[in-house]
Amino acid sequence: MTDNKYNPQSVEAKWQSRWETDKLYRSRVDWSKPKHYALTMLPYPSGDLHIGHWYAMTPSDARARYMRMRGYNVLFPMGFDAFGLPAENAAIQRNIHPMKWTYSNIERMRRQMRSMGAMFDWEREVASCDPDYYKWTQWFFKRFYEANLAYRGEAMVNWSPTLQTVLANEQVIDGKDERTGQPVIQKMMTQWFFRYTRYADEMLDFSQLDWPEPIRIMQTNWIGKSEGARVFFHTERGDAIEVYTTRPDTLWGATFMVLSPEHGLVKKITTDAQRAAVEAYVAQAARFTEIERTAEGREKTGVFTGAYAINPVNEERIPIWIADYVMINYGTGAIMAVPAHDERDFAFARKFGLKVRVVIQPEGQSLDGDTMPEAWPHEGVMVNSGPFNGTPATREKGRKNPAINAVIDWLQERGIGREAINYRLRDWLISRQRYWGAPIPMIRKQDGSYEPVPESALPVELPDDVEFLPTGQSPLQLHAGFLNTTDSAGQPATRETDTMDTFMCSSWYWFRYLSPNYTQGPFDPEEAAYWLPVDVYTGGAEHATMHLLYARWFTKAMRDLGMFEETMDIMQAHGRDPQELMLGEPMLKLRNQGQVLGEERKGHLIVATGNRWEGDQKLFANRVEVVEELPEEHEGIAGEIVKRTENIVTVNIGDGELRTVEVLPDAEVIIPGMEGKARVDQLKHHLDIQRMSKSKGNVVNPDDWVAKYGADTVRAYLMFGFDWQKGGPWDSKGIQGVVRWINDVWDMVTGYVPPAEGDAEAERVAERRVHQTIKKVTDSLEQFSFNTAVAALMGLRNELKTATREGRIGAAAWRETVRQMLLLMAPISPHISEELWAQQGHPYSIHQQEWPGYDAAKAAEDTVMLVVQINGKVRDRIEVPADIDEAAAREATLASAAVQKALNGGQPKKLIFIPARGGQEPKMSVVV
RNA sequence: GGGGAAGUGGCGGAAUUGGCAUACGCGCAUGACUUAGGAUCAUGUGGUUCACACCUUGCGGGUUCGAGUCCCGCCUUCCCCA
């Protein structure tokens with residue numbers, strides 16, 4: 001046995017290379033088999049694969065492998081979402097071209113990914129920064145532009161006046177550029193948009209999707225559909241101001257109006273007397289981000305414009321203010337303020353002493369606008385509302401509310417307003433003032449109008465010879481060769497220098513996997529007809545609203561532009577219903593995994609001594625000793641290290657009380673087990689369970705663990721140690737259980753010599769256990785419960801280990817038992833399963849075998865324990881035949897001594913029989 | 001403030017439709033083998049108790065023969081939105 005010890009490194013290397021040579025995971029269209037398109041989110045090539053990638057990908061791989069063994073022809077591709085800011089930052093900071101940086105990272109990550117032993121079909125790999133890829137990203141843009149789904153519009157951007165560049169939201173922290181600390185202002189700029197709201201309604205329909213409920217709720221909230229009315233107000237001088245309101249029933253309570261500081265009318269209507277104040281306020285508002293401006297509970301600010309509007313329902317003259325809590329890009333950028341029935345308007349009115357008029361009187365209360373302490377945004381009866389006095393207003397929204405319903409009709413009859421639906425969702429701003437993205441394929445003509453680059457000229461390639469400025473400004477704006485071109489009429493023109501949002505690249509990548517080298521279009525309809533749509537998509541829940549909504553929008557737009565026509569024809573020619581494609585949904589089933597967090601680690605316990613103190617809080621130590629246990633008496637400071645920065649150590653001396661120790665340069669540092677004098681930086685501090693990050697020093701490097709235990713063990717541990725959908729802290733000790741399991745399997749299969757003839761009863765027990773395991777593993781993998789799948793296999797191991805000790809299973813039965821066990825393990829730990837499969841003399845490859853069939857008869861127990869409950873408490877267990885019927889169970893129950901004792905000679909009030917089902921044992925509930 | 005998810009041993013976590021709570025694993029304890037053990041093997045391990053027995057799924061109620069699971073009210077944590 002010593003000459004056949006489990007050596008994961010050699011086993012894994014051997015099979016990975018064999019699989020690659022044999023193209024075992026090459027997936028090809030085969031209409032004779034059912035297809036399964038399993039997709040897992042593609043990574044950003046940041047440089048190193050981390051444990052989170054393993055956590056996301058290897059369980060998904062296990063399930064893809066399982067589906068393959070179930071007889072599906074499985075497509076499980078991988079690629080790289082390769083455009084984006086980090087590459088550009090690397091270029092600026094370290095003077096490496098983004099392309100070089102990105103491709104070397106991809107190279108490295110691809111190599112690391114191969115060590116997972118996943119069934120990725122690498123011949124389908126895509127990288128979104130490849131011109132062969134972004135040619136089609138640009139092609140999509142062009143098609144959307146031509147279909148009027150792309151347009152130029154105004155948007156508020158984070159503008160750095162010092163850098164003269166636009167920043168992404170995540171680059172702005174506290175109103176400053178997170179990299180340079182320079183101030184950032186809000187500014188309107190003309191940008192490219194997609195008509196995202198076009199599909200808002202359709203994207204609210206999840207009826208055909210198997211997606212997690214929380215994701216559906218988040219998307220619904222994100223889209224934020226509201227019903228109400230648009231109402232037309234006018235200034236005294238006749239300028240129209242349109243407002244959107246969800247509460248037209250409160251129109252009579254509109255005692256002032258508020259415009260967003262960016263509203264187009266502000267300049268025009270402001271009176272001379274107010275001009276200075278208004279201009280100052282507009283400038284001030286630009287300094288806050290939208291999130292800050294709309295934060296609830298924030299002190300309201302605003303300025304009167306000096307102008308008045310006429311409320312169209314009652315001809316009342318009301319003042320027009322500007323305030324930053326009104327956003328230009330929501331609704332119309334102007335609101336009618338109804339302070340009595342809206343909290344923000346109320347806070348504003350009270351602050352500036354504006355009139356508050358109650359128009360919805362709640363039942364049993366008598367609100368007074370002058371004295372009410374807070375707004376009443378709920379139901380009641382309409383008052384002070386002209387013809388509508390007495391109309392009940394409910395809590396219902398839109399037309400379902402009788403008050404809103406009646407007012408909308410009335411407004412429409414009079415031409416003052418009309419019913420309207422509004423979405424919180426804004427159109428999708430895709431312009432980025434960046435180099436490392438797909439250039440927007442548009443040409444700006446001399447007259448300022450735009451035309452698309454002709455299809456034959458795609459892709460518009462990024463020039464290589466660019467210089468990256470420390471300002472972060474896009475080098476495309478300064479690159480004459482890129483910039484200057486001619487339009488379709490041969491006139492000099494300039495190129496658009498904005499590139500596309502990287503979400504655009506990741507909104508269609510699963511189509512490119514179908515045929516990464518196809519040149520006639522983004523995807524080959526022959527491939528698409530077979531593989532589409534994606535059957536299972538796995539990835540992090542952090543993409544709930546952005547990526548997944550973009551992906552849905554994109555697919556719907558593609559459908560409506562006829563991009564699936566040919567694909568559907570081919571589907572039909574093969575007798576497949578194209579209905580799934582007509583849905584315009586990219587992924588039918590979605591599952592999210594959680595996140596692996598850093599491991600909790602105790603800090604070193606130390607006793608620090610020294611002569612010099614600063615107060616009694618801080619010690620300058622000339623001796624620090626790490627101890628097993630804190631001594632009861634000591635000089636100096638003793639406790640657990642919670643933090644260390646250079647030579648300053650923070651120590652928890654108990655109950656969270658902290659002391660500081662400054663370790664002097666020549667101090668003696670003693671760490672047991674370490675030869676001689678240790679260094680200060682070898683002292684370990686306490687680590688909480690938290691997200692992994694380099695700065696916290698709690699990053700788990702999968703390569704290290706693979707080197708130590710092998711990929712199969714790391715895969716199995718990631719599946720076993722967590723609730724996959726939830727995630728949790730890494731546990732470097734917990735992996736031991738998986739190490740033992742894998743080793744046990746190896747030793748059992750390679751080392752156990754069964755007798756030629758076995759004992760029929762023992763063999764029956766093993767067979768039963770195998771079939772019970774088949775059921776558990778199958779069900780678990782179906783439901784993405786990877787932890788219970790591994791647990792079931794460990795349970796089988798326990799049973800078989802006992803059996804090998806007893807030596808009662810014969811050679812033939814043992815071989816069959818092992819065969820089935822290896823098949824069940826194959827998706828989870830593909831290498832060791834393949835190796836042992838080969839050692840057992842079975843034909844290559846285990847991954848092309850059929851999944852073991854579950855036989856309920858073989859899994860069934862002969863006898864079971866009848867659980868007897870008396871008044872709900874378990875009081876007895878009686879061994880009975882597994883197929884016991886109710887009458888027999890009653891008889892057995894009544895014969896039980898425990899029941900007899902409880903009955904004390906009397907009769908039970910009630911006997912409730914719960915038959916055995918789903919692996920559970922039968923129960924009898926006795927009510928005394 | 002609104003929405004969502006979750007709270008089960010020392011720890012990670014199991015538990016179809018309400019039906020033996022704590023599967024599987026870590027850790028721990030005892031023993032065996034060993035020059036040694038951070039290897040391996042065996043046994044045990046929710047709590048209180050000598051035991052019988054009782055208690056136990058964040059807290060408090062309720063429905064039910066029976067509640068981790070359903071209902072009502074709280075508390076705590078995390079995530080998203082504002």
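Throughout, a chain's letter reflects where its sequence line sits, starting with A, and its residues are numbered from 1. Side chains are part of it too, since the values below use all heavy atoms of this structure and drop only hydrogens, waters and symmetry mates.
- Whole-Å rounding puts the A:Lys923 NZ to B:G18 P distance at 13 Å.
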Protein heavy-atom contacts under 4.0 Å, written 5' to 3' over nucleotides 64-71 of chain B as B (base), S (sugar-phosphate only) or - (none), form the string -BS-----
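- Here, B:A23 and B:G9 have their P atoms 13 Å apart, quoted to the whole Å.
- Between A:Tyr550 and A:Tyr196, the gap from one ring centroid to the other is short of 6.0 Å.
- Per the geometry, CH2 belonging to A:Trp730 stands 15 Å off P belonging to B:C26, to the nearest Å.
- Remark: A:Glu879 engages A:Thr863, A:Met865 in a side-chain contact (heavy atoms from CB on, under 4.5 Å) (not counting sequence neighbours).
- Residue contacts for A:Arg740: at a heavy-atom cut-off of 4.0 Å it reaches the sugar-phosphate backbone alone, with no base atom in range.
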Which is it for A:Asp779 and A:Lys775 under the salt bridge (Lys or Arg N to Asp or Glu O under 4.0 Å) test, yes or no, and what are the steps along the way? CA-CA 6 Å; A:Asp779 290 351; A:Lys775 172 125 179 72; 2.8 Å; yes
Bracket string, RNA chain B, 5' to 3' - pairs by Watson-Crick or G-U geometry under 3.5 Å, | interstrand: (((((((..(((......[....)))((((((.......))))))(((....)))..(((((..]....)))))))))))).
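- Note on ring orientation: taking the six-membered ring where Trp is involved, the planes of A:Tyr854 and A:His771 are tilted (angle from 30° to 60°).
- Summarising the geometry, the separation between CD on A:Glu599 and P on B:C26 is reported as 15 Å, rounded to the nearest angstrom.
- To the nearest 0.5 angstrom, A:Lys225 atom NZ is 13.0 Å from A:Lys397 atom NZ.
- In this structure, A:Asp779 reaches neither bases nor backbone, as no heavy-atom distance under 4.0 Å exists between it and the strands shown.
- Ring planes of A:Tyr55 and A:Trp724: tilted class, angle from 30 to 60°.
- Note: CG (A:Leu425) to P (B:C81) measures 14 Å, nearest angstrom.
- For A:Trp730 and A:Trp705, the ring centers sit closer than 6.0 Å to each other.
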Set out, in order, the CA-CA distance, both residues' side-chain angles and the distance that settles side chain to side chain donor-acceptor pair (under 3.5 Å) for A:Thr538 and A:Gln593, then state yes or no. CA-CA 7 Å; A:Thr538 53; A:Gln593 83 275 355; 5.3 Å; no
So which protein N/O to nucleotides 12-14 of chain B N/O distances come out below 3.5 Å?
unit_1, atom_1, unit_2, atom_2, d
B:G12, O2', A:Gly721, O, 2.3
B:G13, OP1, A:Gly727, O, 3.1
B:G13, O3', A:Asn787, ND2, 3.1
B:A14, OP1, A:Asn787, ND2, 3.1
B:A14, O5', A:Asn787, ND2, 3.4

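- Side chains of A:Gln736 and A:Tyr709: a donor on one and an acceptor on the other come within 3.5 Å.
- What separates CG of A:Leu597 from P of B:C11 is a distance of 17 Å, to the nearest Å.
- Taking atom C1' in both B:G62 and B:A53, one finds a spacing of 28 Å when rounded to whole Å.
- One P atom belongs to B:A15, the other to B:G68, and the distance between them is 16 Å to the nearest Å.
- Using a distance-only test at 3.5 Å, with no hydrogens or angles considered, a donor-acceptor pair links the side chain of A:Asp712 to the main chain of A:Ile832.
- Place A:Ser785 and A:Gly795 on RNA chain B by their nearest nucleotides, and A:Ser785 ends up nearer the 5' end.
- Side chains of A:Thr197 and A:Asp427: a donor-acceptor N/O pair is present below 3.5 angstrom, by distance only.
- Residue A:Lys776 is out of contact with every strand shown, counting any heavy-atom pair closer than 4.0 Å.
- For A:Met546 and B:C80, the CE to C1' distance is 13 Å, given to the nearest whole Å.
- Here the P atom of nucleotide B:C24 and the CD atom of A:Glu799 are 11 Å apart, to the nearest Å.
- Spacing between B:C55 and B:A21 at atom C1', rounded to whole Å, works out to 13 Å.
- Contact annotation: A:Arg344 does not reach the phosphate of B:A82 (side-chain N/O to OP1 or OP2, under 4.0 Å).
- Base orientation of B:G9: syn, the glycosidic angle falling within 90° of 0.
- Pairs passing the side-chain hydrogen bond (donor to acceptor under 3.5 Å, both in side chains) check and including a residue from residues 788-799 of chain A, sequence neighbours excluded, read A:Asp744-A:Arg797, A:Arg769-A:Glu799, A:Ser780-A:Thr788.
- When the C1' atom of B:A82 is taken as reference, atom OH of A:Tyr325 falls 16 Å away, rounded to whole Å.
- Residues A:Asn158 and A:Gln186 bring a donor and an acceptor atom of their side chains to less than 3.5 Å of each other.
- Checking A:Asp747 against A:Tyr752 by side-chain atom types alone, no donor-acceptor pair falls below 3.5 Å.
- Looking at heavy atoms from C-beta onward, A:Gln9 lies out of side-chain contact with A:Lys708 at the 4.5 angstrom threshold.
- Of the side-chain N and O atoms in A:Asn592, none sit less than 4.0 angstrom from OP1 or OP2 of B:A5.
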Using the salt bridge (Lys or Arg N to Asp or Glu O under 4.0 Å) rule, take A:Lys801 and A:Glu806 through it: C-alpha gap first, then chi angles, then the decisive distance, then the call. CA-CA 9 Å; A:Lys801 216 169 148 180; A:Glu806 290 170 352; over 6 Å; no
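- Within residues 211-224 of chain A, the residues having any heavy atom closer than 4.0 Å to RNA chain B are, in order of number, A:Pro214, A:Ile217, A:Met218, A:Asn221, A:Trp222.
- Between B:G7 and B:A14, the distance separating the two P atoms is 9 Å to the nearest Å.
- The P atoms of B:G4 and B:C70 are separated by 15 Å, rounded to the nearest whole Å.
- When the P atom is compared between B:A36 and B:U57, the two are found 47 Å apart, to the nearest whole Å.
- Each of A:Arg424 and A:Ala791 was assigned the nucleotide of RNA chain B with the nearest heavy atom; the assignment lying further toward the 5' end belongs to A:Ala791.
- Taking atom C1' on both B:G1 and B:C71, the two are 26 Å apart, rounded to the nearest angstrom.
- Dashed line: the shortest gap from a side-chain N or O of A:Arg805 to OP1 or OP2 of B:A42 is under 4.0 Å.
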